[in-house]
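See below for the structure under consideration.
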Amino acid sequence: MPTFTSIAMAALTAGLLLAAPLTAQGSDSSDAPPIESFRHEAAGIDFYVEKSGDGPPVVLVPSGQGDCGAYRYLADTLASDFTVITFDMPGFSRSGPPPTWDGMSAATLGNQVAALVESLGINEATFYGSSSGGVAVLALVADHPGLVRHAIVHEPAVVSDVPSTPFNEAFATWFPKVNSQRAALFGGFAEAERAGIESENDAMVLDPKAVKRLGEDYIERRSNNVETWFNHYLDPDTPCCNRVFTAEELNRAPVTVTAGMQTNAWFAASAMVLAQRGDLDLLWIPSKHYPYISVPGVVAEVIKAKAGD
């Protein structure tokens with residue numbers, strides 16, 4: 001089994017260390033592909049879905065932000081070669097809630113995404129997900145491998161893979177507490193999230209201004225999503241980010257892991273632990289935790305290369 005260092009060095013030796021300009025492409029270009037938006041019911045959920053482009057299907061699964069607007073730059077970049085499908089996660093932004101909030105585990109997320117994709121008539125696709133979206137994609141690999149042509153996950157938020165028990169304990173108590181205090185201070189979850197967006201962008205995105213260019217409508221929706229995230233997706237009994245994927249599960253379909261060279265240490269460490277356990281390709285890219293916002297061209301090149309494997 002390779003070590004962390006050997007994984008990174010193998011990536012460098014094989015030319016897999018990717019570099020590109022650090023500016024996000026905007027979605028207001030005159031040659032941006034048209035977007036078809038529609039509602040579609042699957043798994044008892046009224047999904048908001050966006051479709052663009054033409055070609056083999058690529059499905060972009062949102063992170064804990066929950067809103068597919070974050071993928072605008074990446075979807076525009078991919079649409080010249082693929083049919084790009086993305087959507088708001090259940091209970092977030094423009095998608096309705098699931099029939100029940102009980103047990104929002106990684107398996108549940110994977111089942112919901114699988115139901116949506118299959119009901120759209122897609123038998124096999126390339127899937128991309130970052131953070132908790134990456135967890136949902138890994139659940140597809142483990143539980144619905146027949147759907148997955150290739151999975152690309154950027155720093156999937158598998159908290160159990162962070163190699164530090166004290167960190168896990170601190171995260172479990174500190175993160176919700178800080179955000180609830182922010183909410184009380186600013187008078188509500190949405191207001192608190194808006195107040196924290198700029199500092200979060202600095203931590204998660206190389207080009208924070210790229211978030212603002214996604215538009216006020218997106219920022220407003222994202223602000224309103226934080227209450228759903230903390231109340232349901234971080235349920236302490238069945239947290240979606242606590243599943244430990246076995247090596248056998250990780251190899252039921254092809255998986256590539258990416259990590260950012262400027263990201264927070266624990267995100268990168270978790271990605272390395274996961275890649276080591278499954279003996280998976282690990283690519284280092286010039287990004288933080290949300291690369292599809294700052295460096296969509298880099299992410300698109302990884303997806304294009306893997307979708308053709």
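The model shown is predicted, which means the values in this text are computed figures rather than measured ones. Computed from heavy atoms alone, side chains included, the values below leave out hydrogens, waters and symmetry copies.
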Discussion item. Do Y48 and L74 land in one hydrophobic cluster if side-chain heavy atoms of ILVMFWY residues count as linked below 4.5 Å?
Written reply: no
Practice prompt. For the pair F92 and W229, name the ring-plane relationship: parallel under 30°, tilted 30 to 60°, perpendicular over 60°.
Written response: tilted
Using distance only, find each side-chain donor-acceptor pair of residues 109-127 under 3.5 Å and give its atom names and separation, not counting sequence neighbours.
{"residue": "N111", "atom": "OD1", "partner": "H144", "partner atom": "NE2", "Å": "2.8"}
{"residue": "N111", "atom": "ND2", "partner": "A107", "partner atom": "O", "Å": "3.3"}
{"residue": "S119", "atom": "OG", "partner": "H40", "partner atom": "NE2", "Å": "2.8"}
{"residue": "S119", "atom": "OG", "partner": "A115", "partner atom": "O", "Å": "3.1"}
{"residue": "S119", "atom": "OG", "partner": "L116", "partner atom": "O", "Å": "2.8"}

Practice prompt. Give the minimum heavy-atom separation between L282 and A275, together with the two atoms involved.
Written response: CB-CB, 4.0 Å
Discussion item. List the residues meeting side-chain contact (heavy atoms from CB on, under 4.5 Å) with S80, not counting sequence neighbours, and say none if there are none.
Written reply: none
Worksheet item: Would L283 and T256 satisfy side chain to side chain contact (heavy atoms under 4.5 Å, CB included), going step by step from the backbone distance to the final call?
Response: CA-CA 8 Å; L283 310 185; T256 297; 3.9 Å; yes
Practice prompt. State the CD-CE distance between E155 and M204, to the nearest 0.5 angstrom.
Written response: 9.0 Å
Discussion item. Determine whether R221 and D67 satisfy the following criterion, salt bridge (Lys or Arg N to Asp or Glu O under 4.0 Å), listing intermediate values before the conclusion.
Written reply: CA-CA 8 Å; R221 293 194 306 268; D67 192 297; 2.6 Å; yes
Worksheet entry | OG on S63 to OH on Y290, rounded to 0.5 Å | 4.5 Å
Worksheet entry | Heavy-atom check, side chain of V135 versus side chain of V158, under 4.5 Å | yes
Worksheet item: NE2/H289 to CZ/F267 distance, rounded to the nearest 0.5 angstrom?
Response: 3.5 Å
Discussion item. Restricting to non-hydrogen atoms, name the atom on T77 and the atom on P296 that form the minimum distance, rounded to 0.1 Å.
Written reply: OG1-CB, 4.3 Å
Worksheet item: Which atom pair, heavy atoms only, marks the closest approach of P156 to S270?
Response: O-OG, 3.7 Å
Worksheet item: Given side chains that start at C-beta, do those of P56 and T83 come closer than 4.5 Å, heavy atoms only?
Response: no
Fill in: Side-chain heavy-atom pair V244, R277 within 4.5 angstrom cut-off
yes
Response to the item:
Closest non-hydrogen contact found for S132 with A157 is N-CB, 3.9 Å
Discussion item. To the closest 0.5 Å, what do you measure between OG (S223) and CD (E216)?
Written reply: 8.5 Å
Response to the item:
Minimal heavy-atom distance between A70 and Y292, with the atoms involved, is O-CD1, 3.4 Å
Fill in: Residue pair R252 / V148, side-chain heavy-atom distance below 4.5 Å
no
Discussion item. Show, in sequence, the C-alpha distance, side-chain angles and deciding distance for L274 and L138, and conclude whether the side chain to side chain contact (heavy atoms under 4.5 Å, CB included) test is met.
Written reply: CA-CA 11 Å; L274 183 84; L138 291 176; 3.7 Å; yes
Fill in: Close side-chain approach of I45 and P99, heavy atoms under 4.5 Å
yes
Discussion item. Contact between I293 and Y73 at the side-chain level, heavy atoms closer than 4.5 Å - yes or no?
Written reply: yes
Fill in: Residue pair V298 / S287, side-chain heavy-atom distance below 4.5 Å
no
Fill in: Contacts of E36 that satisfy salt bridge (Lys or Arg N to Asp or Glu O under 4.0 Å) - sequence neighbours left out
none
Discussion item. Quick check against the 3.5 Å criterion: does S131 have a side-chain atom that pairs as donor or acceptor with the backbone of G133?
Written reply: no
Worksheet item: Are any of the side-chain nitrogens in E301 or K306 under 4.0 Å away from the carboxylate oxygens of its partner?
Response: no
Discussion item. Do Y71 and Q65 have side chains that approach each other closer than 4.5 Å (heavy atoms only, starting at C-beta)?
Written reply: no
Under 3.5 Å donor-acceptor pairs involving side-chain atoms of residues 84-91, not counting sequence neighbours:
{"residue": "T86", "atom": "OG1", "partner": "L60", "partner atom": "O", "Å": "2.9"}
{"residue": "D88", "atom": "OD1", "partner": "C68", "partner atom": "N", "Å": "2.8"}
{"residue": "D88", "atom": "OD1", "partner": "R94", "partner atom": "NH2", "Å": "3.3"}
{"residue": "D88", "atom": "OD2", "partner": "R94", "partner atom": "N", "Å": "2.9"}
{"residue": "D88", "atom": "OD2", "partner": "R94", "partner atom": "NE", "Å": "2.8"}
{"residue": "D88", "atom": "OD2", "partner": "R94", "partner atom": "NH2", "Å": "3.4"}

Item to complete: Would you please test H150 and I152 for side chain to side chain contact (heavy atoms under 4.5 Å, CB included) and show each step?
Response: CA-CA 7 Å; H150 204 111; I152 301 98; 4.2 Å; yes
Worksheet item: After noting the C-alpha distance and the side-chain angles of E50 and R72, does the key distance pass the side chain to side chain contact (heavy atoms under 4.5 Å, CB included) rule?
Response: CA-CA 10 Å; E50 291 186 353; R72 186 69 272 130; 3.0 Å; yes
Worksheet item: Does D46 have any salt bridge (Lys or Arg N to Asp or Glu O under 4.0 Å) partners at least two apart in sequence or in another chain, and if so, which?
Response: R39
Discussion item. What verdict does the salt bridge (Lys or Arg N to Asp or Glu O under 4.0 Å) test give for R243 and D143, after you've listed the backbone C-alpha separation in whole Å, the side-chain angles of each residue and the deciding distance to 0.1 Å?
Written reply: CA-CA 13 Å; R243 177 168 175 175; D143 303 332; 3.0 Å; yes
Worksheet item: Side chains of N225 and S93: donor-acceptor distance under 3.5 Å anywhere?
Response: yes
Worksheet item: Any idea which heavy atoms bring A42 and F47 closest together, and the distance?
Response: O-CE1, 3.6 Å
Fill in: Joint cluster assignment, V59 & I35, ILVMFWY side-chain distance < 4.5 Å
no
Item to complete: Could you tell me which residues satisfy salt bridge (Lys or Arg N to Asp or Glu O under 4.0 Å) with D217, sequence neighbours excluded, listed by chain and number?
Response: none
